[in-house]
Structure formats: structure tokens, C-alpha cells
Protein chains: 2
Amino acid sequence: MSDNNISIDSVIENLISIHPLLTKSFSKSIRSKTNLNPGSLYVLGVLSVYDMLSMSEIGCKLSMPKPHVTSLIDKLIMEKMVERLFDPKDRRIINVRITNKGKDDFNTIKLEISQEIRQKLEKLDADKIELLSISSQHVKEILMEISIENKTDSSYCKIK
Amino acid sequence: MSDNNISIDSVIENLISIHPLLTKSFSKSIRSKTNLNPGSLYVLGVLSVYDMLSMSEIGCKLSMPKPHVTSLIDKLIMEKMVERLFDPKDRRIINVRITNKGKDDFNTIKLEISQEIRQKLEKLDADKIELLSISSQHVKEILMEISIENKTDSSYCKIK
DNA sequence: ATAAATAGTTATACTTTTGTAACCGTTTTA
DNA sequence: TAAAACGGTTACAAAAGTATAACTATTTAT
């Protein structure tokens, strides 16, 4: 139990350190190498995972206020990267689905914004890269798990 | 070699997924639970690691334009979390050092902004927490390693 | 059938971050 | 010693993100 808490403390220490490092690696090249703002790219990212989500679900997954989601989706639609679909079951709901162009563009963008970090990774030892690959996979999976679980993100998500 | 590239691809995939999840977890509670903006907190964070840095080094480590660093440091000085020190060797340089109050405040803030994620972590199995602890440690260390290495961050850092 | 709740948009104001350019004082270099 | 480079600040403009309230259309609940 006490052991658990020590581990949790170290997890949080680590995540708080990792966050600005990733921001540094990605945010700048999103701006300089794409015509999307970071927010639109995050939306495209979740849609590349879930394929289709409603406006509310997007805001929930990314903790964005609904009006912001609207404006980001507008941009992605202008770029034909996503499309709006009306839900026949409940006509209030607007589902957003990533298009094939959106998927292709997202892959291209991922390559472009990761060029710098890729060059640095290439200089590391093979076993260190392998360790980072496995470790980042675990971090990603567990974070996604506890993120999905979170239906009660007070301000943006309603309890289902 | 080809093996390496596959691993690098997966690292990048994972990091691109992790970034918005961390943003979601931290950015909102930084705003709601502290009187600092995210930028000031990142500056405080690097200073809690390196203890003392020049203005340029801060901008370099966080990829921030120098004028932005100036305004963030002004805020932290008003809060007495950091102090300016003139460098006797080179009077152009202004070093910024975290104060004891700054260290204490940073620890408090870390506790506050991690409350939500802590609650979710507590629901996980002990072995999963342990795995996340070790994995996030590796990710942090390797990212810090390749981040420090980077003296040539084009727009904000000059080659030393 | 009416009232309340929900999903999404519009409008607006504000904070934070980014990006320049001009400037001052100091140090380096030629 | 004059010119160039450097570290930092000031001033300003623009982009991006946050936060609310008011509104429409639709669905649910009483």
C-alpha cells in the first residue's frame, strides 16, 4: 500500500517532467510545418484512433470546451480531413468522421513533426531505442486506459 | 538497422499519442488550481531541476521566445519563487535561480495538479502502477537526454 | 402537451502564447 | 578603437486557447 504510493509519486514526477519535453518537441513543428493549429491536430489524432466521434465526445476526450471543438472541426472540414454526419437515431447529435484524406494527411504530418526527434533518436544505441519503444508503449496504453475511464471530467464531460 | 527504424516509428507514434493525454491531465488543473499560467510553471519546473539558468538557457530548454521568458520570469519574481542574479563574469547575462519558497510552492503545486490523475492511478493494480513507474522513468530519462543534447534548436537556441 | 434536458452553434471577452523588430548595455573581434 | 555579436528587455501584433451566455433544434420526462 505504502509501496503503491511511492510508485504513484514517481509516476507523477515523471509525467510532470515528460509533459514540457513533449510540448517542446512537437508544438513548435506543428506550427512551422503544418497549416493546422495544434488543437485541430489533436482532434485529427483522436479521430484517427476512434474513426468517428460526436462533437461532445471529442471535447470530452481532449478536455476542450464545445465552442472550441466547433471551430476546430470547421477548419478540418475546410481541409476535407473530416466530415460531419447526422445521426439518424438522434438528430441533435453530429458525428464527425475522419476521411481517407484526413488519414493520409495525418500520417504525413506525423512524419513531418517528428523529423527532429527522429534524428535525435537515431543517434541512440539500439537497445536504448528498444527500451524507449517498449516503455512509451506502456505509458501510452495505461494513460489511455485511465483517460477513457474518465467520464466525469467535470466541466466538459457529462456523466453518461 | 531496419529493426531500429521500426522501433523509432513506434516511439514516435506513442509519444504523439501521449502528448495530448498529458496536456489533458495537467493543463486544465494548472489553470484552475494555481495562480500561475502553464508557461510560468514550466519555467519553475526546469529551474527546480537545474537550480539556476540564464534567461537564454531557459528559453532554449523550453523552446520559448526570449520576450516570453522575460514576462514569465517577471511573474515568478513577483511571487518570490525565483530571483535574478547578475553574472560578475559577463554582465550581460542574467541568471535566474529558484528560491526556497519557489521549491516549496512547486511541490505544493505538483500535488494539486496531480490530484485527479492520482485518484485514477490509485484504482489500478499494483503491478500496473509499478510498470508505469518504471516505464515513465525510462521515457523521462531518455527524453531528457536527447533534449539536453539539443543545442541547435534553430530559432531559440544558438549553437554554443 | 408542456416543461426540462441535451447537442451543438454563435457571439463575445479574455488569457496565454508566438513572432517580430527595435533598442540598450556589454563583450568580443578584427 | 571601431564594428560586430551577444544577452536581455520593451513594444507591439497576431494566433491560439479558455470561458460564458444566449440561442436553435431535438429529445426526454412529467
Side-chain angles (χ1 to χ4, degrees), chain A residues 20 23-24 26-43 52-77 82 84-96 151 153-160, chain B residues 20 23-24 26-43 52-77 82 84-96 151 153-160:
Chain A
T23 300
K24 173 183 177 178
F26 294 125
S27 297
K28 258 199 60 198
S29 45
I30 291 173
R31 274 171 227 279
S32 59
K33 297 187 179 172
T34 79
N35 52 342
L36 292 178
N37 45 25
S40 293
L41 192 62
Y42 298 159
V43 171
M52 191 168 87
L53 292 169
S54 72
M55 299 297 286
S56 296
E57 286 169 330
I58 293 168
C60 184
K61 291 217 179 293
L62 294 173
S63 284
M64 285 172 179
K66 289 198 296 180
H68 194 200
V69 177
T70 299
S71 77
L72 297 179
I73 291 294
D74 284 346
K75 270 174 210 150
L76 290 173
I77 285 176
V82 304
R84 271 186 235 261
L85 297 168
F86 297 90
D87 190 323
K89 302 256 182 187
D90 182 340
R91 283 159 45 193
R92 291 171 302 181
I93 295 173
I94 292 185
N95 290 305
V96 181
K151 304 255 186 228
D153 185 345
S154 47
S155 30
Y156 304 119
C157 299
K158 300 280 181 260
I159 310 145
K160 272 206 178 163
Chain B
T23 300
K24 174 183 176 178
F26 293 126
S27 298
K28 258 198 61 199
S29 46
I30 291 173
R31 274 170 228 281
S32 58
K33 297 186 180 173
T34 80
N35 52 344
L36 293 179
N37 44 26
S40 293
L41 192 62
Y42 297 161
V43 172
M52 190 169 88
L53 292 170
S54 72
M55 300 297 286
S56 296
E57 287 169 330
I58 293 169
C60 184
K61 291 218 180 294
L62 295 173
S63 283
M64 285 171 178
K66 289 198 297 180
H68 193 201
V69 176
T70 298
S71 77
L72 297 178
I73 290 293
D74 284 346
K75 269 177 211 149
L76 290 172
I77 284 176
V82 305
R84 270 186 237 261
L85 297 169
F86 297 91
D87 191 323
K89 303 255 183 190
D90 183 341
R91 283 159 45 191
R92 291 171 302 182
I93 296 174
I94 293 184
N95 290 304
V96 181
K151 303 256 185 226
D153 186 343
S154 47
S155 32
Y156 304 119
C157 298
K158 301 279 183 260
I159 310 145
K160 274 208 175 161

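Note: hydrogens, waters and symmetry copies are ignored here, and every other heavy atom, side chains too, is used. Sequence lines set the chain letters: A, B, ... in the order given, protein chains first and strands last, and positions in each chain run from 1. Just so it is clear, the structure is predicted and the values come from calculations on it, not from any experiment.
- The separation between B/Ile73 atom CD1 and D/dT9 atom P is 9 Å, rounded to whole Å.
- The separation between B/Arg84 atom CZ and D/dG7 atom P is 17 Å, rounded to whole Å.
- Atom-to-atom, CD1 of A/Ile30 to C1' of D/dG17 comes out at 14 Å; the value is rounded to the nearest Å.
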So which protein nitrogen or oxygen atoms get under 3.5 Å of nucleotides 14-17 of chain C's nitrogens or oxygens?
unit_1: C/dT17; atom_1: OP1; unit_2: B/Gly39; atom_2: N; d: 2.8

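- Nucleotide C/dG8 holds its C1' atom 16 Å from the CE atom of A/Met64, rounded to whole Å.
- Judged purely by atom type and a 3.5 angstrom limit, B/Ser27 has no side-chain atom pairing as donor or acceptor with the backbone of B/Lys24.
- Among the heavy atoms of the strands, none lies under 4.0 Å from B/Ser27.
- A donor-acceptor contact shorter than 3.5 Å is absent between the side chain of A/Ser40 and the backbone of A/Leu36.
- With a 4.5 Å cut-off on side-chain heavy atoms, B/Leu76 and B/Val43 count as touching.
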- line: Given protein heavy atoms under 4.0 Å, the one-letter contact record of nucleotides 21-30 of chain D, with B base, S sugar-phosphate only and - none, is simply -----BS---
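- The NZ-P distance, from B/Lys24 to D/dT18, rounds to 13 Å in whole Å.
- Between B/Val96 and B/Ile58 the shortest side-chain heavy-atom distance falls below 4.5 Å.
- Atom CG in A/Leu72 sits 6.0 Å away from atom NZ in A/Lys75 (nearest 0.5 Å).
- At C/dG8, none of the side-chain N or O atoms of A/Thr70 fall inside 4.0 Å of OP1 or OP2 (strictly under the cut-off).
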message: If you apply the rule salt bridge (Lys or Arg N to Asp or Glu O under 4.0 Å), what do you find for B/Arg92 with B/Asp90, and how did you get there?
response: CA-CA 5 Å; B/Arg92 291 171 302 182; B/Asp90 183 341; 2.8 Å; yes
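- For B/Ile94 and C/dT26, the CD1 to C1' distance is 12 Å, given to the nearest whole Å.
- Counting heavy atoms from C-beta outward, B/Ile93 and B/Asn95 have side chains that approach closer than 4.5 Å.
- Using a 4.5 Å cut-off on side-chain heavy atoms (C-beta onward), B/Thr70 and B/Met64 make no contact.
- In this entry the distance linking CD1 of B/Ile58 with C1' of D/dT9 reads 14 Å, nearest Å.
- For A/Asp74, taking side-chain heavy atoms from C-beta onward, the closest of the listed nucleotides D/dT9, C/dT10, C/dG8 is C/dT10.
- Counting heavy atoms from C-beta outward, A/Thr23 and A/Lys28 have side chains that stay 4.5 Å or more apart.
- Put simply, NZ on B/Lys66 is 15 Å from P on C/dA22, counting in whole angstrom units.
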